[in-house]
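Residue numbers begin at 1 in each chain, while the letters A, B, ... track the order of the sequences. What you see is a predicted model, and the numbers here were worked out from it, not measured in a lab.
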Amino acid sequence: MSVIRVRGLVKRFNGLAAVDGVDLDVEERECFGLLGPNGAGKTSLIRVITAVSPATAGSAWVDGKDVAARPRETKALIGVVPQLDNLDPDLSVIQNLVTFARYFDIGRKEALARAEENLGLVQLLEKRNARVDTLSGGMKRRLLIARALMNQPKVLVLDEPTVGLDPQAKHLVWQKLRSLKEAGVTQLLCTQNMDEAAHLCDRIAIMHRGRVIAGGTPAALVAEHGGRRVIEARPRTEGREALAAELRGRGLEFQEVEDTFYIFQTDDTGLEEGFLGQMERFSYHSPTLEDVFLRLTGRSLGE
Amino acid sequence: MRFSRRSYRVWQRNRDVFRQVLWTELPGAFAEPLLVLLAMGIGLGSFVGTVNGGRYIEFIAPGIIASYAMFSPTFECTWASYVRMTHQKTFDAIIATPLNVDDVVAGEIFWGATRAVITAVVILVVVSAFGLIHSLWALLIPVLAVLEGLMFASIAMFYTSLVTSIYTFNYYFTLVVTPMFFFGEVFFPLSSFPETVQRLSWVIPLTWVTKLTRALANGEWYSGLWVALVMMVGVTAVFFWLALRGMRRRLIK
């Protein structure tokens, strides 16, 4: 049985559809990624799944419970790591966790035990009595993860868990999320970072303009939509038209992002080195999720 | 959705935070009402003579209790709640747990009412020590402060559900709170004013509370006070409902 099941979900704001008919199944113990740029509808979708925002149409179930009909029970099963830090600045690190546990009716003794355990897990034990505003960005994000674990959730929902972190802090968060997955915690992860998706996710759904436009394992997505090789070419300004004409003539699929052409090679049809030599710059790379996204939407993820 | 017993969790959170700042905040919070009581009661009182047959300071003491028990929940459910809601995102964090928006708002209002009771009790103890209270009925003043706190917390929270910026609260204080403080029978009885003004004063919620607090402090009850009590209950019920509805509209998107 899927831990999260979404069918025909629509979320409109003043008539504008942020989520425009999404079906989704997240299986037990997997890390499922929602990949897409800002405004793709990821956050709106998870706000409905986590029972804080009502759907315009369609339904979502968490662990078999209808989210709209039983919001309190649903929320008791979920741990949320929000994109924006909403730790309680009036409380210390340990108080943040114990107070949060109390919202779930977890007794003080049990809450303290879990708080110690979770602080150990995210390597913040020595900060237990610190004020929240003295923590670094990476520490705050780890504390948010520790807080989301206080109710021992069946599903952890993470919205851009590493956005704005330096590489070191990012890798530490990734490592924690991987160890949680090994411990059996199902994860739904929103991200616009394809590295993050490739690092952590078993399966991915690519979202664009409120819809899921492709889904599968990272490898399957790349195999299905990435082609064989990607040529990245930056022509001189006066050479743009010629390059585009050449590519159309050869039936090569491509996307233009700013001044760079991403050319998707699906078979032996390519471009001669001599022709590419006229470019200001060119290179080859193996297709990645980023290329899949670019090819399907014509936009890069960072946008 | 409706609020539930879970609103107590929000109340507990605010209580825990209050406990931490208790000894830094409390002296400041009570210096002002005592200053007003002494400055007006003794300073101005020496010119005023007697009011309704008693000393001026005895007249204003219950008014000071009532008005500062209005300020506490008002501050709590305007600036403090607003900061928790918008700047600290505390409400967002809480509604991701089994609590809903109604629980959070009700918990905030209950905490505001608690602040009113704390204020009323502390000032009551001090003015009793000055010998300004003459009736055992004054023991009911903290109970009245519960209702007063709920009323002013609800009105404030309703206003908070509508504001677009923290500066908008200035209007609430200059146009609503301060006029009540001056025309709510705290410092002078309205009996010397024309009949029309006296009638108008009955639309000011603080007037009901000062009349009731004064009656309890002196042990002099009269039938008009039932009207004041009923008005308080009615306004509390209406604004409590409006505050929850306003916050639901604001926060559930």
Side-chain angles (χ1 to χ4, degrees), chain A residues 11-14 18 43-44 46-56 68-92 94-106 108 131-133 143-144 147-148 150-151 153 156-157 159, chain B residues 1-25 75-77 79-108 110-112 115 245 247-253:
Chain A
K11 177 69 192 181
R12 283 197 198 93
F13 294 102
N14 304 321
T43 301
S44 299
I46 62 167
R47 282 175 57 83
V48 173
I49 294 172
T50 54
V52 293
S53 167
T56 310
R70 298 160 86 179
R72 289 187 199 273
E73 288 164 69
T74 308
K75 290 193 285 184
L77 295 169
I78 303 177
V80 180
V81 179
Q83 189 176 348
L84 295 170
D85 151 36
N86 60 19
L87 294 164
D88 200 325
D90 296 328
L91 302 170
S92 71
I94 189 100
Q95 285 174 323
N96 256 278
L97 300 185
V98 174
T99 304
F100 201 75
R102 196 162 58 192
Y103 298 134
F104 291 89
D105 287 336
I106 297 163
R108 186 172 172 79
R131 299 206 62 84
V132 163
D133 48 21
L143 183 56
L144 284 167
R147 192 185 69 177
M150 287 304 288
N151 59 320
L156 199 56
V157 178
D159 194 359
Chain B
M1 274 193 273
R2 283 279 168 271
F3 77 98
S4 68
R5 61 168 178 88
R6 290 177 193 271
S7 52
Y8 177 55
R9 300 298 180 206
V10 176
W11 186 92
Q12 282 177 308
R13 181 253 170 230
N14 289 340
R15 177 205 59 195
D16 291 353
V17 174
F18 180 69
R19 264 190 198 156
Q20 295 176 20
V21 298
L22 190 61
W23 300 114
T24 48
E25 209 176 78
F75 284 123
E76 192 64 37
C77 291
W79 278 306
S81 290
Y82 185 80
V83 166
R84 284 192 281 270
M85 172 171 72
T86 57
H87 299 251
Q88 302 184 182
K89 309 265 173 227
T90 309
F91 290 10
D92 288 345
I94 300 176
I95 61 174
T97 73
L99 279 76
N100 62 30
V101 171
D102 285 18
D103 295 329
V104 175
V105 178
E108 292 274 312
F110 296 154
W111 173 248
R115 291 295 303 264
R245 178 169 158 275
M247 279 295 180
R248 238 181 276 136
R249 288 189 169 187
R250 180 179 187 127
L251 295 172
I252 303 178
K253 288 180 192 122

Visitor: Side chain, backbone, both or neither: which part of A/S53 has an atom under 4.5 Å from a heavy atom of chain B?
Guide: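 Contact with chain B involves both backbone and side-chain atoms of A/S53.
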Visitor: What are the two closest non-hydrogen atoms of A/R47 and B/K253, and how far apart are they?
Guide: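 Residues A/R47 and B/K253, closest heavy atoms: NH2-O, 4.3 Å.
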Visitor: What's the spacing between A/R147 CZ and B/T97 OG1 if we round to 0.5 Å?
Guide: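 Between atom CZ of A/R147 and atom OG1 of B/T97 there are 9.5 Å.
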Visitor: Could you tell me whether a side-chain N or O of B/R9 sits under 3.5 Å from a main-chain N or O of A/Y103, the two making a donor and an acceptor?
Guide: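 Side chain of B/R9 to backbone of A/Y103, a donor-acceptor pair under 3.5 Å: no, none is there.
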Visitor: Is A/D105 paired with B/R5 through a side-chain N to carboxylate O contact shorter than 4.0 Å?
Guide: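 Result for this pair is yes, salt bridge flagged.
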Visitor: What part of B/Q12 gets within 4.5 angstrom of chain A, counting heavy atoms only: side chain, backbone, both, or neither?
Guide: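 The answer is both parts of B/Q12.
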Visitor: Quick one: CZ on B/R84 to CG on A/D90, what's the gap to the nearest 0.5 Å?
Guide: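 Between atom CZ of B/R84 and atom CG of A/D90 there are 7.5 Å.
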Visitor: Provide the closest heavy-atom pair for B/I252 versus A/P54 in the form atom of the first, atom of the second, distance.
Guide: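 Between these two residues, the closest heavy atoms are CG2-CD, 3.6 Å.
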Visitor: Run the salt-bridge test on B/K89 and A/D85 with the 4.0 Å N-O cut-off and return the result as yes or no.
Guide: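 So B/K89 does not pair with A/D85 through a salt bridge.
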Visitor: Heavy-atom count check: over 12 atoms from other residues, nucleotides or ligands less than 6.0 Å from B/R250 CZ?
Guide: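 Enclosed.
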Visitor: Which heavy atom of A/V52 sits nearest a heavy atom of B/A96, and at what distance?
Guide: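 Shortest heavy-atom separation between A/V52 and B/A96 comes out as CG1-CA, 4.2 Å.
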Visitor: Taking atom CZ of A/R131 as the centre, report whether more than 12 heavy atoms of other residues, nucleotides or ligands fall under 6.0 Å from it.
Guide: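 Enclosed: over 12 neighbouring heavy atoms sit under 6.0 Å from CZ of A/R131.
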Visitor: Is A/E73 in contact with chain B via its backbone, its side chain, both, or neither, using a 4.5 Å heavy-atom distance?
Guide: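 Interface part for A/E73: neither.
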Visitor: Has A/K75 got a side-chain atom pairing as donor or acceptor with B/I95's backbone, closer than 3.5 angstrom?
Guide: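 Yes, the answer is positive, given that a donor and an acceptor are paired below the 3.5 Å cut-off.
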Visitor: For A/R102 and B/D16, run side chain to side chain contact (heavy atoms under 4.5 Å, CB included): C-alpha distance rounded to whole Å, both residues' side-chain angles, the deciding distance at 0.1 Å, then the answer.
Guide: CA-CA 12 Å; A/R102 196 162 58 192; B/D16 291 353; 2.8 Å; yes
Visitor: Looking at A/L87, A/D88, A/I78, A/N151, which one has more heavy-atom pairs under 4.5 Å with chain B than the rest?
Guide: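 Of the candidates given, the most pairs with chain B belong to A/D88.
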Visitor: If I compare all heavy atoms of A/R72 with all of B/R2, which pair ends up nearest, and what's the gap?
Guide: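 Heavy atoms of A/R72 and B/R2 come nearest at NH2-O, 3.5 Å.
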Visitor: By a 4.5 Å heavy-atom criterion (distance strictly below it), what part of B/R13 contacts chain A: side chain, backbone, both, or neither?
Guide: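 Looking at B/R13, backbone and side chain both touch chain A.
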